[in-house]
Each structure stands twice: as structure tokens, then as C-alpha cells.
Amino acid sequence: MRLSRYFLPVLKETPAEAQIVSHRLMLRAGMIKQSSAGIYSWLPLGFKVLKNIEKIVHEEQIRAGHIPMLMPTLQPADLWRESGRYDAYGPEMLRIRDRQDRDLLFGPTNEEMITDIFRAHVSSYKDLPLTLYHIQWKFRDEIRPRFGVMRGREFLMKDGYNFDLTKEDALHAYNRHLVSYLRTYERMGLQAIPMRADSGPIGGDDTHEFLVLAETGESEVFYDAQITDLKFGEREIDYDNVDQCQAVLEEFTSRYARTDETHDTAEFDKIPEDRRRVARGIEVGQIFYFGTKYSDAMGATVQGPDGAKVAVHMGSHGIGVSRLMGAIIEASHDDNGIIWPEGVTPFHVGIVNLRQGDAETDKACEGLYNALTAHGLEPLYDDREERAGAKFATMDLIGLPWRITVGPRGVKNGVVELTSRRTGESVEMTPADAVKRVAEIYAPHHAHVAAMVEPMAQRSFHTWL
RNA sequence: CGGGGCGUAGCGCAGCCUGGUAGCGCAUCUGUUUUGGGAACAGAGGGUCGUAGGUUCGAAUCCUAUCGCCCCGACCA
């Protein structure tokens, strides 16, 4: 993308309404615009990151064997009357009435709706296990929205629901989700720690919240310092293997890590003093096992091998997709702006032309742009008629992890400069080497591209009838 | 919902107390000179002062109502 043709309304000054750093930076980097309290438009740059986060969530869900679908934002109130939550949920639920005077609600979550779908179409244990999920906009009418997209009223969330014949099977689904979530967050450059949590209005016995440590976090958290040394990393796992998933769960939850809701001072004090940590965290996901709470209330049963009808065991699992963008920025920024992890960056690399209009630098930039694009990468080329300082400031603000600087001096000597946003380190090299280096950096994330065949991608698809 | 604050040009703000031609910085547009970390100069455009009502010869300014937004608290992915 050429910046001169893009829509990137960056702000030099910080809008008055933003208090925390992620909110300020998202506004300044032209990623979002507030529409009303807790409701935002996603401008092109923000939209791109949102889609990247969403893509990672999808890929990891599918890898774990979960099945994507899409349910509506508006739900009939009757479903919620069945579960008893229409009255229980309180004013946080946005209630709507249509022209026929039917009660609707803007869904804050989808347990009822998915259970309704399940009971309509599944009646045999042979169709289990089943885990369905979707990524859809939710609405919770928060009393006081704040912190930008971290605590909005409208938010994008992945919510998934598992249906299993037995409690044991459902607990495996729980473990499987925990493992897939660890992978998901690590791909976004985040360390999210599973912590024992409170089940809230969803209900249930087992639940863990995933928290990203950050000073601006809403929850106070208590944990054993050893837990931050744990990495899921590149290990292979068979999501169908009960023992493997169980082992990962034990590895990641055996050390003390709790939110203030479930904090147990006596247990905490058993940790050696130098390993006790009290910090703040941003909740970016939660997994629940709640047994037959909804299947009982709504009659979601299957026939077992013995012919008897049994209520299915369920769990639900959420990832705050839009909130993650705020969490990532909270965890990865400096005084100059955002520092995107490679996994979610809106553009892979920025190209800064220091002397726009100079034939040689223009040509070098075009060459870089084309070569990077040919590698399947998306560069952002700052081709505006701006001075160097303004271009650097914009690049730093929007946080692209890599920048190639092209100036007349370097071009004369056949070199450009590759700079890491994170470390600030710059290395001079030939344009060809710079392209090669950037391609290498992203290669692990693009290994699939070379092998992929996309039929008719570049042309219209004809049918002959 | 309790407490506090703010609505004046795209953004950040002054002006309000003490009523009398609506201002500043940034951004935008034109031109010239600049050109490796948010350039300089000259010129230009842009505002129903959140909205409604009232007081007054006259309201951004005073009064009343209302809408919106932000902060602290209780609540939440």
C-alpha cells in the first residue's frame, strides 16, 4: 500500500477522551474513531489488525478441531426466558422491541442460541463430541465503558461451545481449549496466563481466565513467578489425545495463579516469598465447563448407546478479539508509539523514502515495494511529500515492526537501512538483502503460501450452463 | 447509578467570573525556500460557541431544561 493512497488519519496531539496508552495510541494512529460511548468505528489500519487477530483465532480453533459458524447478533428473548437468563442478566443486556412488539436482545453471548441449534439437529451420541464456535459482535451495555476497545459496549468476541456425552469428555474439551488458547495468544506475541477464576453469570464449576500482565489491567492478580517462564512454544500436540492435553493443563495451572475473585491468601503464602507476585492483568479470554446447566434447562439431550436420553455436558469458551488489540498495545509500545508483534502487524514492513521526487530514491523504493510484494508480503510505502522526521514519526506511531529507510546518500552507495522498531537497531545492506531479510523474518508465518494453490484467484470464474 | 468535570474550526485549547466585532496552536489549501527524526516564511479557507427555552437593547458569557462525552466508585470479556 502506498501511504499517499491510504486512509490513515494520524493525530499529532492526543485526544482528550483517552486516558490509557492503548486507547491514546489507537486514536493517534488512526485505527479507531469513537461513535458513541463504548462503540467504535474501525478505520482501515485498525480493521486490518482486527482481521489479523481474528484470523489467528480462526486458524487455531480449526487446528483444535472446532467448527466455525455464524449466529446472529439479535436474538429472540424467548430463548433466554427458557434458560431463565432473560431476567437474570440485568440491565447489561440491551433489550430491543421490533415493530411486531416482539422482544429481542442484542446478544451478549450465545449459550441459549447454540443450545437451540444443537437440540434441533443433534439427537445421537454418535454425533458427539462437537465443538462449534463463531466470531461475532456482542453487546453488553456496560454502566461505564472505558479504556477504548478494552472495555467497549460493542465488542468482537470468539465464543465456542462444546457438547459432550460425559463429563470426562467435556473436561477434555476444556483442556483442549486451554491448549489452543495458549497457542493463540503466543502467536499474537502475548503471554496470557491461565488463572483460576470466578464463573460469573455463565455459571459452572471449572473456569480459567487468561490474563495478560499489564499495569493498566483491570484485575488484580496473584501468581507464582515461575509461571511466567512457561512457554507453549513450537511443540506439537495432538488435540485428540486426552493425556497430552491434560498434561499441558497441569503444566500451566499447577502453579498458583489467581485473580482477586478467587485469591486465597493461605495458599499464596505457601509460595516462597521471592516468587510471590502481585500485579495487574487484562482478561483476554475465559473457558468454562458448566455441565448440564443449559442442556437441562433447554432440553438438549442425546440418546446414549443404551438408548436412554441424557443431557449433554457443555462448556463455553471466549476470546475477546477486539479487546486483544488493546491488550497487545498495552503490552507492546514505547514513548513513540505502538510496536506490533509480527503476528498481527497491519503491514509487514514500512518503506520510508527520504527524498520523495528524487528519481533514484523513488526508483529504489519502487523496486523494494515490488520485490517485497512478490514475496507475498505487504509493505506500507510512505511516498508522501513529507520530511524525514514526519515520516519516521508516523512509522514509529503506527508501529510496523520493520522499516526500510531509503535515502539519496545510501542509494548512491547501493545500500538501504533496515531498522527494527522494537530495538531501534539499524543495519545497512543492499536492497536485495533487505528484501531477503524481511522475507526470512516472516517466512515461518508464510510457509503455507508457497504450497497453496488458489484456483482462479486472478480471473473471473465461469460456469457453462 | 452516586460523586466530579467538560461540550467554542478536523485535533488540542483560551475567551465565560465582570454580557458588547469569536481567538490561539496544530492540521488543511496556495506559493517560495527547504529536505536523515513531526521545517521556515508569506498568504488563504474553515466555527448554528452541543441543543432548546428564558433574561437583556445585546448572550459563547447570566438563568432553566435537555442531550452527549470524560474521570473516580460500585459492575464486567
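Throughout, protein chains are lettered first and strands after them, A, B, ... in sequence-line order, and every chain is numbered starting at 1. No experiment lies behind these values; they were computed from the predicted model shown.
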- Do A/Lys158 and A/Gln136 meet the criterion of a side-chain donor-acceptor pair at a distance under 3.5 Å? no

- Query: If you measure from the C1' atom in B/rA9 to the same atom in B/rC1, how many Å do you get, rounded?
  - Reply: 36 Å

- Item | Whole-angstrom distance between B/rG38 and B/rA52, as gauged at atom C1' | 43 Å

- Query: Is there a donor in the side chain of A/Asp382 and an acceptor in the side chain of A/Asn353, or the other way round, less than 3.5 Å apart?
  - Reply: no

- Task: For the pair A/Asn162 (side chain) and A/Gly315 (backbone), establish whether a donor and an acceptor sit closer than 3.5 Å, ignoring hydrogens and angles.
- Result: yes

- Between C1' of B/rC76 and CZ of A/Phe288, the distance in whole Å: 11 Å

- Side-chain donor or acceptor of A/Glu417 paired with backbone N/O of A/Glu428 under 3.5 Å: no

- Message: So, under a plain 3.5 Å distance rule, would you say the side chain of A/Arg151 forms a donor-acceptor pair with the base of B/rC75?
- Response: yes

- note: A/Phe139, atom CZ; B/rC76, atom C1'; distance rounded to Å ~ 13 Å

- Query: Any sub-3.5 Å donor-acceptor pair from A/Arg276's side-chain atoms to A/Asp224's backbone N or O?
  - Reply: no

- Query: Counting only Watson-Crick or G-U wobble pairs whose two distances fall under 3.5 Å, which nucleotide matches B/rG53?
  - Reply: B/rC63

- Item | Nearest-angstrom distance, P atom, B/rG4 to B/rG45 | 45 Å

- In Watson-Crick or G-U wobble terms, both distances under 3.5 Å, what is the partner of B/rG45? none

- Message: Does the plane of the ring in A/Tyr256 sit parallel, tilted or perpendicular to the ring in A/His263? Use 30° and 60° as the thresholds.
- Response: perpendicular

- Spacing of A/Gln19 atom CD relative to B/rG4 atom P, expressed in whole Å: 19 Å

- Quantified in whole Å, what is the C1' atom distance between nucleotide B/rG37 and nucleotide B/rC76? 42 Å

- Query: Within the structure, does a side-chain N or O atom of A/Arg144 lie under 4.0 Å from either OP1 or OP2 of B/rA74?
  - Reply: no

- Closest-nucleotide ordering on RNA chain B, the 5'-leading residue of A/Met150 and A/Ala18: A/Ala18

- Message: Once you apply a heavy-atom cut-off of 4.0 Å, does A/Gly30 come out as touching a base, just sugar-phosphate, or nothing?
- Response: nothing

- Who does B/rC69 pair with, Watson-Crick or G-U, both distances under 3.5 Å? B/rG5

- Message: Quick one: does any side-chain atom of A/Arg95 pair with a main-chain N or O of A/Tyr86 as donor and acceptor, under 3.5 Å?
- Response: yes

- Between CD of A/Glu218 and P of B/rG73 the distance, given in whole Å, is 11 Å

- Task: Look at the side-chain N and O atoms of A/Gln34 and state whether any lies under 4.0 Å from the OP1 or OP2 oxygen of B/rC70.
- Result: yes

- Send over the distance from A/Glu142 CD to B/rC70 P, rounded to a whole Å. 13 Å

- Item | Between B/rC75 (P) and A/Glu261 (CD): distance, integer Å | 10 Å

- Query: In the strands shown, is B/rA39 matched to any nucleotide by a Watson-Crick or G-U wobble pair with both distances under 3.5 Å, and which?
  - Reply: B/rU33

- Inter-nucleotide P distance (B/rG23, B/rU48), Å rounded: 14 Å

- Task: Indicate the atoms forming the closest heavy-atom contact of A/Met325 with A/Gly46, along with that distance.
- Result: CE-O, 3.4 Å

- Can you tell me how far P in B/rG50 sits from the matching atom in B/rU8, rounded to whole Å? 6 Å

- Which residue, A/Pro145 or A/Pro15, contacts RNA chain B at a nucleotide closer to its 5' end, judged by nearest heavy atom? A/Pro15

- Message: Partner lookup for B/rG19, please. Criteria are Watson-Crick or G-U wobble with both distances under 3.5 angstrom; report none if nothing qualifies.
- Response: none

- Query: For B/rC26, which nucleotide is its Watson-Crick or G-U wobble mate, given both distances must be under 3.5 Å?
  - Reply: B/rG10

- Task: Determine whether the side chains of A/Arg421 and A/Thr419 contain a donor N or O and an acceptor N or O closer than 3.5 Å.
- Result: no

- Task: Could you give the distance separating B/rC75 and B/rG5 at their P atoms, to the nearest angstrom?
- Result: 25 Å

- Message: Tell me the interatomic distance from A/Arg146, atom CZ, to B/rG5, atom P, rounded to whole angstroms.
- Response: 19 Å

- Query: Looking only at atom C1', what distance separates B/rC11 and B/rC16, rounded to whole Å?
  - Reply: 22 Å

- Note on the structure: B/S/- along nucleotides 32-41 of chain B (protein heavy atoms under 4.0 Å) is --BSBBBB--

- Between B/rC71 atom P and A/His23 atom NE2, what is the distance in whole Å? 8 Å

